[in-house]
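Lettering of chains follows the sequences in order, A, B, ..., and the numbering in each one begins at 1.
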Amino acid sequence: EPEVTQTPSHQVTQMGQEVILRCVPISNHLYFYWYRQILGQKVEFLVSFYNNEISEKSEIFDDQFSVERPDGSNFTLKIRSTKLEDSAMYFCASKTGTAYEQYFGPGTRLTVT
Amino acid sequence: AQSVTQPDIHITVSEGASLELRCNYSYGATPYLFWYVQSPGQGLQLLLKYFSGDTLVQGIKGFEAEFKRSQSSFNLRKPSVHWSDAAEYFCAVVDLWGSQGNLIFGKGTKLSVKP
């Protein structure tokens with residue numbers, strides 16, 4: 001059964017450094033998402049991506065964040081200059097063009113020190 | 001704005017006992033609702049969904065959920081819990097005010113299962 005994959009599973013970085021979180025969505029899916037979950041808090045929407053552009057973003061997704069689909073399979077989230085408060089679990093998700101249900105990857109735990 | 005509330009942070013049940021996890025949503029029209037499960041080290045796995053029609057929906061792993069519009073609820077149930085059901089459970093609703101169907105999640109309920 002196809003699944004969403006994410007790498008790395010855990011990333012530790014120093015404050016101010018750039019990080020890139022990688023995702024491979026399910027191959028025939030058209031919509032891609034990033035969510036994050038700060039420890040003990042809700043899973044929160046960050047950004048959605050369709051047709052090679054951002055279609056919606058939350059207020060969390062500020063200028064420090066960017067997303068890219070550099071090729072036909074990868075979907076990346078870049079944080080330019082990490083802050084302590086960026087420490088969280090980041091989930092990638094994808095869905096087809098017609099359905100509402102999203103399929104999630106296992107997440108990347110980002111720790112900013 | 002839409003919201004999802006899961007009032008129970010942590011629930012412990014004995015193996016073989018029945019389970020009900022509560023979820024309340026805030027939305028004016030008929031919501032599109034989901035339950036996801038997250039086992040340790042795993043991603044969010046879709047258990048079941050409700051869009052319309054029959055208010056009792058069946059999912060994977062023997063779970064079911066009932067949509068009650070009058071109570072704005074979508075509670076998850078299982079008649080007999082197995083030790084492997086220990087995980088965190090998330091209720092979610094599609095944000096229909098957004099353009100691309102992003103999800104709004106509750107805070108999750110952690111389920112522990114006693115032998």
Could you check whether atom CD of A/Glu85 has more than 12 heavy atoms from other residues, nucleotides or ligands sitting under 6.0 Å from it?
yes
To the nearest 0.5 Å, how far apart are NZ in A/Lys95 and CG in B/Asn102?
10.0 Å
B/Tyr36 vs A/Val43 side-chain heavy atoms within contact, under 4.5 Å:
no
Is it the case that more than 12 heavy atoms not belonging to B/Lys114 sit under 6.0 Å from its NZ atom?
no
dist A/Tyr100:OH -> B/Leu33:CG (nearest 0.5 Å) comes out at 12.5 Å
Top contributor to chain A contacts, counting heavy-atom pairs under 4.5 Å, from B/Gly108, B/Ala92, B/Gly43:
B/Gly43
In this structure, CG of B/Leu44 is separated from CZ of A/Phe104 (nearest 0.5 Å) by 5.5 Å
Kindly work out whether a path of hydrophobic side-chain contacts (I/L/V/M/F/W/Y, heavy atoms less than 4.5 Å apart) joins A/Ile38 to A/Leu77.
no
Identify which part of B/Leu103 has an atom lying under 4.5 Å from any heavy atom of chain A, answering side chain, backbone, both or neither.
both
Region of A/Gln102 in contact with chain B, defined by heavy-atom distances below 4.5 Å
both
Which bit of B/Gln38 comes within less than 4.5 Å of chain A, counting heavy atoms only: side chain, backbone, both or neither?
side chain
Could you have a look at A/Phe49, A/Tyr103, A/Tyr33 and say which one has the most heavy-atom pairs with chain B under 4.5 angstrom?
A/Tyr33
Can you hop from A/Tyr31 to A/Ile26 via hydrophobic side chains spaced under 4.5 Å?
yes
For atom CD1 of B/Ile9, decide whether the heavy atoms of other residues, nucleotides or ligands shown that lie under 6.0 angstrom number more than 12.
no
Quick check on the interface: out of A/Ser58, A/Pro106, A/Gly105, A/Ser9, who has the most heavy-atom pairs with chain B under 4.5 Å?
A/Pro106
When you group the ILVMFWY residues by side-chain heavy-atom contacts below 4.5 Å and let the links chain together, are B/Val57 and B/Leu46 in the same group?
yes
Considering only heavy atoms from C-beta outward, does the side chain of B/Phe51 approach that of A/Glu101 to under 4.5 Å?
yes
More than 12 foreign heavy atoms under 6.0 Å from CG of A/Leu39: is that the case here?
no
Under 4.5 Å to a heavy atom of chain B? For A/Gln37 that would be side chain
Using a cut-off of 6.0 Å, state whether more than 12 heavy atoms not belonging to A/Asp62 lie near its atom CG.
yes
